[in-house]
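Notes for the one structure printed next.
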Amino acid sequence: MKKSIPFYKRLLKKVKHYIKGGLETQLRMAFEELGPTFIKFGQILSRREDLFGSMFVEEFTMLEDMANPVPLEKVKNILDR
């Protein structure tokens, strides 16, 4: 029987070769690539230092200040649908 590899390990294996930094950096960059919902999730996680170490919280805080904006037209199209 073949064992399955958890999603996060597969994701990190794919991006590890071109991302420098630790797991927290890789996770933040994955949230950015996955879009606004995951960016918001990362922003929420940035407030939970009791659950994550200070390194994760510091990295997730970057999602509040440095996240790429989504064009207004794209948001309007999604809301119209």
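Side chains are part of it too, since the values below use all heavy atoms of this structure and drop only hydrogens, waters and symmetry mates. Remember, it's a predicted structure, so these values are computed and weren't measured experimentally.
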Please list all pairs passing the salt bridge (charged side-chain N to carboxylate O under 4.0 Å, His left out) test where one or both residues lie in residues 70-81, with sequence neighbours left out.
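Those involving residues 70-81 do not exist here.
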
Salt bridge check, R28 against E24: does any charged N sit closer than 4.0 Å to a carboxylate O?
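Answer for the salt bridge query: no.
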
Is any side-chain heavy atom of E32 less than 4.5 Å from a side-chain heavy atom of M62?
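The answer is no, as the side chains (C-beta and beyond) never meet within the 4.5 Å cut-off.
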
Are [X] and [Y] joined in one hydrophobic group, where the rule is that I, L, V, M, F, W and Y side chains link up if heavy atoms are under 4.5 Å apart?
| X | Y | result |
| --- | --- | --- |
| L51 | V57 | yes |
| L63 | L23 | yes |
| M55 | F52 | no |

At their closest point, which heavy atom of F60 faces which heavy atom of G42, and how far apart are they?
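Shortest heavy-atom separation between F60 and G42 comes out as CB-O, 3.4 Å.
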
Pick out which of L27, L45, T61 makes a side-chain contact (heavy atoms from CB on, under 4.5 Å) with F56.
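Running side-chain contact (heavy atoms from CB on, under 4.5 Å) over L27, L45, T61 with F56 returns exactly one hit, L27.
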
Would one find more than 12 heavy atoms of other residues, nucleotides or ligands at under 6.0 Å from atom CZ of F38?
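Atom CZ in F38 is not crowded, with 12 or fewer foreign heavy atoms closer than 6.0 Å.
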
Please name all residues satisfying side chain to side chain donor-acceptor pair (under 3.5 Å) with D50, sequence neighbours left out, ordered by chain then number.
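D50 satisfies side chain to side chain donor-acceptor pair (under 3.5 Å) with R48 once adjacent residues are dropped.
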
When rounded to the nearest 0.5 angstrom, what is the spacing between CG in L72 and CG in N77?
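Between atom CG of L72 and atom CG of N77 there are 9.5 Å.
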
